[in-house]
Protein chains: 2
Amino acid sequence: MNSLKQMDRGALSDALDHSGQRTTPQRETVFSVLLDQRDHPTADEVYARTKSRMPTISIATVYNCLETLVSCGLVKQVNIEREPTRYCPNLSPHAHFHCRETGRVYDVPVPSGMMQELAGVLPGEYEADSVELVFRGHLAKGKTK
Amino acid sequence: MNSLKQMDRGALSDALDHSGQRTTPQRETVFSVLLDQRDHPTADEVYARTKSRMPTISIATVYNCLETLVSCGLVKQVNIEREPTRYCPNLSPHAHFHCRETGRVYDVPVPSGMMQELAGVLPGEYEADSVELVFRGHLAKGKTK
DNA sequence: ACATAGTTTAGAATTATTCTAAATCAAATT
DNA sequence: AATTTGATTTAGAATAATTCTAAACTATGT
Ligand SMILES: [Mn+2]
Ligand SMILES: [Mn+2]
Ligand SMILES: [Zn+2]
Ligand SMILES: [Zn+2]
């Protein structure tokens, strides 16, 4: 039994249906792992967490499921330097902050007006369908969040 | 003989000195390769171009030189999805545009006011020392630039 | 000249990711 | 219900960018 809420289960099967893919226990479980702990895990971390709920799953399937979720728009890949890809189920417009000290990645909400402005810096011939905004630095003392 | 202009040669030795590293023919040549063709080459591409000017250089040295140039602030790494790291000697504030069709990466100037605004979206406890802004999409027809 | 430390180099090692091919599963059709 | 068909899962092999290792080389300071 995975811990998908009814709402999320619906969003999942809608998105999968819409892209002609099936809803499977593996995909549900991987998705629920991402929704339950929103700390931008790597594929290996997703694998470890998923295995505790579904011990027979393989790392290849985790990669497959993550790719499927990305391809149907429910999950975003987060590319941080040369580190392994991380996965983020936050669909609202946001940036990422990567702490050099802890390695953790945080969501930073970005007002949608700001996203508009960003698109505005592009000369006319550039037609962007996505924007990735990553800050790097450190968190002020105390606030480990 | 590499093709570094006097100005760039000066910037290079200053930056290297400042970070306690030596100016070497390999570092000069790699730097000149980056300055001569500003198309965000990968390490392999830099290797190929550098070899034509300095046939004995090794790929390990190219990686070492690139890392040295990055560490002393003369070159920026550009991370595009899961692709190999690219290198950019443009020190002015700019974003990158990655064309899905051709794979090419273009510099997009960003007004410094925009960079200020971007920093403004960060809550107080986040102290950023760098911002990476990457657009992805395609170039409108005709304009291959 | 000699000692020292920095740099270069070839090749081995690492590692995230992708690929391959066989096994499993599930929807559709008979 | 049995059969077909195509999608999915799986283990393991393969790939490829990058890093590591240790030896050779180079430059610098005494
Ligand atoms: Mn911190
Ligand atoms: Mn294009
Ligand atoms: Zn996120
Ligand atoms: Zn650039």
Side-chain angles (χ1 to χ4, degrees), chain A residues 2 12-13 15-31 33 40-51 53-72 74-87 98 103 105, chain B residues 2 12-13 15-33 40-51 53-72 74-87 103 105:
Chain A
N2 64 52
L12 175 61
S13 47
L16 287 171
D17 273 11
H18 187 271
S19 68
Q21 299 183 283
R22 296 183 188 160
T23 302
T24 67
Q26 288 85 351
R27 288 168 180 171
E28 286 185 347
T29 306
V30 165
F31 189 41
V33 159
H40 306 90
T42 63
D44 264 348
E45 287 164 347
V46 172
Y47 177 47
R49 293 175 196 177
T50 307
K51 255 210 318 212
R53 301 182 189 183
M54 178 180 268
T56 59
I57 201 169
S58 71
I59 180 69
T61 299
V62 168
Y63 272 103
N64 289 343
C65 291
L66 289 170
E67 166 55 28
T68 297
L69 294 171
V70 168
S71 76
C72 72
L74 291 172
V75 168
K76 293 276 192 310
Q77 291 183 318
V78 183
N79 299 296
I80 297 290
E81 303 276 303
R82 289 289 87 201
E83 295 179 12
T85 300
R86 293 161 179 274
Y87 296 86
H98 180 222
V105 174
Chain B
N2 64 51
L12 176 61
S13 46
L16 287 171
D17 274 9
H18 187 272
S19 69
Q21 299 183 286
R22 295 182 188 161
T23 302
T24 67
Q26 287 85 353
R27 287 168 181 171
E28 286 185 347
T29 307
V30 166
F31 190 41
S32 76
V33 159
H40 305 92
T42 64
D44 264 347
E45 288 163 346
V46 172
Y47 177 48
R49 294 174 195 177
T50 306
K51 256 211 314 213
R53 301 182 189 183
M54 178 180 268
T56 59
I57 200 169
S58 71
I59 180 69
T61 298
V62 168
Y63 272 104
N64 289 343
C65 291
L66 289 170
E67 166 54 27
T68 297
L69 294 172
V70 168
S71 75
C72 70
L74 291 173
V75 167
K76 293 278 193 309
Q77 291 182 318
V78 183
N79 300 297
I80 297 288
E81 302 276 301
R82 289 288 89 201
E83 295 179 13
T85 300
R86 293 160 178 274
Y87 296 86
V105 174

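Lettering follows sequence order; numbering is per chain, from 1.
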For the residue pair Thr50(B) and Ile57(B), establish whether any side-chain heavy-atom pair is separated by less than 4.5 Å. yes
Taking only the side-chain heavy atoms of Gln26(A) (C-beta and beyond), determine which of dT9(D), dT18(D), dT17(C) contains the nearest atom. dT9(D)
How many Å lie between OH on Tyr47(B) and C1' on dA17(D), as a whole number? 15 Å
Quick one: Tyr87(B) OH to dT18(D) C1', roughly how many Å, whole number? 9 Å
Closest approach to the side chain of Ser58(A), judged atom by atom: which nucleotide of dT17(C), dT18(D), dA11(D) is it? dA11(D)
Does Thr24(B) have a side-chain nitrogen or oxygen under 4.0 Å from the phosphate oxygens OP1 or OP2 of dT7(C)? no
The residue, Cys65(B) or Arg82(A), whose nearest nucleotide of DNA chain C is more 5′ is Cys65(B)
Check for a donor-acceptor pair, side chain of Glu45(A) on one end and backbone N or O of Thr42(A) on the other, with a separation under 3.5 Å. yes
Any side-chain heavy atom of Asp44(B) sitting closer than 4.5 Å to one from Val62(B)? no
Do Arg82(B) and Gln77(A) have side chains that approach each other closer than 4.5 Å (heavy atoms only, starting at C-beta)? no
Separation of Lys51(A) atom NZ from dA11(D) atom C1', in whole Å? 12 Å
What's the CZ-P distance between Arg22(A) and dT5(D), to the nearest Å? 15 Å
With respect to the side chain of Ala60(A), which nucleotide from dC19(C), dT9(C), dG6(C) is positioned closest? dC19(C)
NA contact type, Ile59(B), heavy-atom cut-off 4.0 Å: base, sugar-phosphate, or nothing? nothing
Which is true for Thr42(A) with a 4.0 Å heavy-atom rule: it touches a base, it touches only sugar-phosphate, or it touches nothing? nothing
Atom OH of Tyr63(B) and atom P of dA12(C): how far apart are they, to the nearest Å? 18 Å
Minimum-distance nucleotide to Thr56(B) side chain [options: dT9(C), dA5(C), dA17(D)]: dT9(C)
Does some side-chain heavy atom of Leu69(A) sit less than 4.5 Å from a side-chain heavy atom of Leu12(A)? yes
For Asn64(A) and dT20(C), what is the distance between atoms CG and P respectively, to the nearest whole Å? 13 Å
Quickly work out the Gln21(B) CD to dA5(C) C1' distance and round it to whole Å. 13 Å
Spacing of Glu81(B) atom CD relative to dA16(C) atom C1', expressed in whole Å: 15 Å
